[in-house]
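Keep in mind it's a predicted model, so treat the numbers as computed, not measured.
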Amino acid sequence: MKIMSPISIQKPEFHILLFKGSPINYKATKITSSWNMSIDSKNSSTRNSNSDMKNLKKKDEFSVKLSMTPVRKLDESLSSNGLQFDRLQPSDQELVRENSFEFGQFVAREAMLDEEYWTAAWLRAESHWENRTFERYIDSFKRKFADQEFNAVKRRCKVRNGDTCACIIVVRKEQKNVQRSIIKSVVGTLDLNIRYLLQGETFPGERVKTPFCCSINRTPLSRYGYIANLCVAKSARRQGIASNMMYFAVECAKSNGVSQVYVHVDRNNRPGQLLYQKMGFEMVETANSRLLLEETYLLRLQT
């Protein structure tokens with residue numbers, strides 16, 4: 001008779017998985033599993049077996065051991081960027097800022113904390129994907145967009161070649177006995193860029209024939225302001241946030257010696273066009289005749 005030796009099977013261990021693309025790192029449960037199996041059986045076809053072998057009985061043993069490590073508690077205050085999203089909005093006394101503009105229950109000022117920059121990037125992601133909520137994986141797309149915009153705006157806000165960029169935000173006013181996190185406090189954002197026209201340009205982005213190594217025309221008249229990425233949280237719209245934020249941006253541009261401010265607006269964005277026109281922006285006809293394929297208008301405000 002042939003007797004099978006005990007068999008031991010060890011299953012591989014399932015390690016921790018890390019899911020990216022979210023402000024919070026989610027970790028899967030760690031599971032360790034093992035199966036032990038031993039089989040003793042007699043061969044029914046065996047002939048001339050000994051008497052003691054005849055008394056062997058079929059014996060099957062099967063044991064399963066499953067162990068699970070406790071799930072690690074998620075730290076909701078940290079993201080892949082190391083930001084604290086449960087951080088409370090600093091009080092006016094804690095922030096040292098040069099310029100701010102108060103209106104109603106809100107304050108417009110330049111972003112100062114990384115969490116404010118990221119929240120501004122998240123508002124832009126929500127605005128970008130606002131009309132495409134039916135698409136699959138929309139939340140993942142927005143998180144990826146926000147992370148990319150956060151890194152981009154941080155780079156833009158570093159002074160390069162005399163050009164400057166400021167991320168302007170609108171936050172809710174500090175109220176007595178009311179504490180808000182930064183995420184719930186920031187309700188609007190835009191970028192204010194101070195730049196110089198290239199040699200031969202009469203407006204930003206003009207396609208002109210320039211030498212291979214064209215220079216920047218660093219004269220006071222060639223310096224201009226450019227406003228981009230204007231958006232307001234859905235829950236805070238129709239409270240004058242966009243217009244007051246634009247007013248603050250224009251005043252900041254004036255304080256930097258800028259005599260003209262530009263902005264692009266989508267041809268189908270009628271509310272945006274009306275907002276800019278009420279503030280004194282006018283169409284740049286020369287530029288718009290060349291922007292037909294880009295579906296945008298270029299507007300200018302003479303300060």
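Contact of the F106 side chain with the N244 side chain is not registered, since no non-hydrogen atoms from C-beta on lie closer than 4.5 Å. Taking 4.5 Å as the limit, some side-chain heavy atom of V171 sits within range of a side-chain heavy atom of R109. Taking the side chain as every heavy atom from C-beta outward, C231 and T189 approach each other to under 4.5 Å. Residues I194 and V258 form a side-chain contact, since some pair of their non-hydrogen atoms from C-beta on lies under 4.5 Å apart. A 4.5 Å side-chain heavy-atom check between F248 and N99 finds at least one atom pair inside the cut-off. No side-chain heavy atom of K173 sits under 4.5 Å from any side-chain heavy atom of F103. Looking at Q302 and E282, their side chains never come closer than 4.5 Å, going by heavy atoms from C-beta outward. Residues T303 and V261 have side chains in contact (heavy-atom distance under 4.5 Å, counting atoms from C-beta outward).
The line from CD1 of I227 to CD1 of I168 is 7.5 Å long, rounded to the nearest 0.5 Å. The CD1 atom of I241 lies 12.0 Å from the CG atom of L190; values are rounded to the nearest 0.5 Å. Atom CD1 of I182 is separated from atom CG of D86 by 9.5 Å, given to the nearest 0.5 angstrom. To the nearest 0.5 Å, atoms CD1 (I169) and OG (S185) are separated by 7.5 Å. Separating the CE atom in M246 from the OH atom in Y276 is a distance of 5.0 Å, to the nearest 0.5 Å.
Looking at every heavy atom in both residues, P204 comes nearest to L197 through N-CD2, 3.8 Å. Residues W118 and D147 approach most closely at NE1-OD1, 3.1 Å, considering heavy atoms. Residues L192 and A249 come closest through the heavy atom pair CD2-O, 3.4 Å. Closest of all the heavy-atom pairs between C167 and A120 is SG-CB, 4.0 Å. Scanning both residues, D114 and F150, for their nearest heavy atoms gives O-CE1, 3.4 Å. The minimum heavy-atom distance linking C157 with Y117 is given by the pair SG-CE2, 3.9 Å.
Aromatic ring centres of Y226 and Y224: separated by at least 6.0 Å. Checked against the 6.0 Å centroid criterion, the rings of Y297 and H264 do not qualify as a close aromatic pair.
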Q) Checking side-chain contact (heavy atoms from CB on, under 4.5 Å) for the pair T296/R267: CA distance, chi angles, key distance, verdict? A) CA-CA 5 Å; T296 57; R267 291 176 181 265; 5.5 Å; no
Q: Check the pair S243, L275 against side-chain contact (heavy atoms from CB on, under 4.5 Å), reporting the backbone distance first and the verdict last.
A: CA-CA 7 Å; S243 58; L275 169 66; 3.7 Å; yes
Q: Go through F203 and L298 one step at a time and tell me if the side-chain contact (heavy atoms from CB on, under 4.5 Å) criterion holds.
A: CA-CA 9 Å; F203 58 84; L298 178 64; 3.8 Å; yes
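In this model, a donor atom of one side chain and an acceptor atom of the other lie less than 3.5 Å apart for E116 and Q89.
Applying side chain to side chain contact (heavy atoms under 4.5 Å, CB included) to Y262 and the options L299, L301, V284 leaves one that passes, V284.
The residues E115 and R87 are annotated as salt-bridged, a charged nitrogen and a carboxylate oxygen being separated by less than 4.0 angstrom.
Identified under the salt bridge (charged side-chain N to carboxylate O under 4.0 Å, His left out) test for residues 225-242, with sequence neighbours left out: E130-R237. Identified under the salt bridge (charged side-chain N to carboxylate O under 4.0 Å, His left out) test for residues 179-191, with sequence neighbours left out: R124-D191, R156-D191.
A search for side chain to side chain contact (heavy atoms under 4.5 Å, CB included) contacts involving A166 returns E110, not counting sequence neighbours. Applying the side chain to side chain contact (heavy atoms under 4.5 Å, CB included) criterion to E126, with sequence neighbours excluded, gives W122, L123, K142. For the side chain to side chain contact (heavy atoms under 4.5 Å, CB included) test, residues two or more places apart in sequence or in another chain that qualify with N269 are V265, D266, P271. Legend: residues meeting side chain to side chain contact (heavy atoms under 4.5 Å, CB included) with L274, ordered by chain and number and at least two apart, are R270, Q277.
Residues Y137 and W129 fall within the same hydrophobic cluster, defined by Ile, Leu, Val, Met, Phe, Trp and Tyr side chains chained together at heavy-atom separations under 4.5 Å.
Within a 6.0 Å sphere centred on OH of Y247, other residues, nucleotides and ligands contribute 12 heavy atoms or fewer. Residue E251 places its CD atom among more than 12 non-hydrogen atoms of other residues, nucleotides or ligands, all under 6.0 Å distant.
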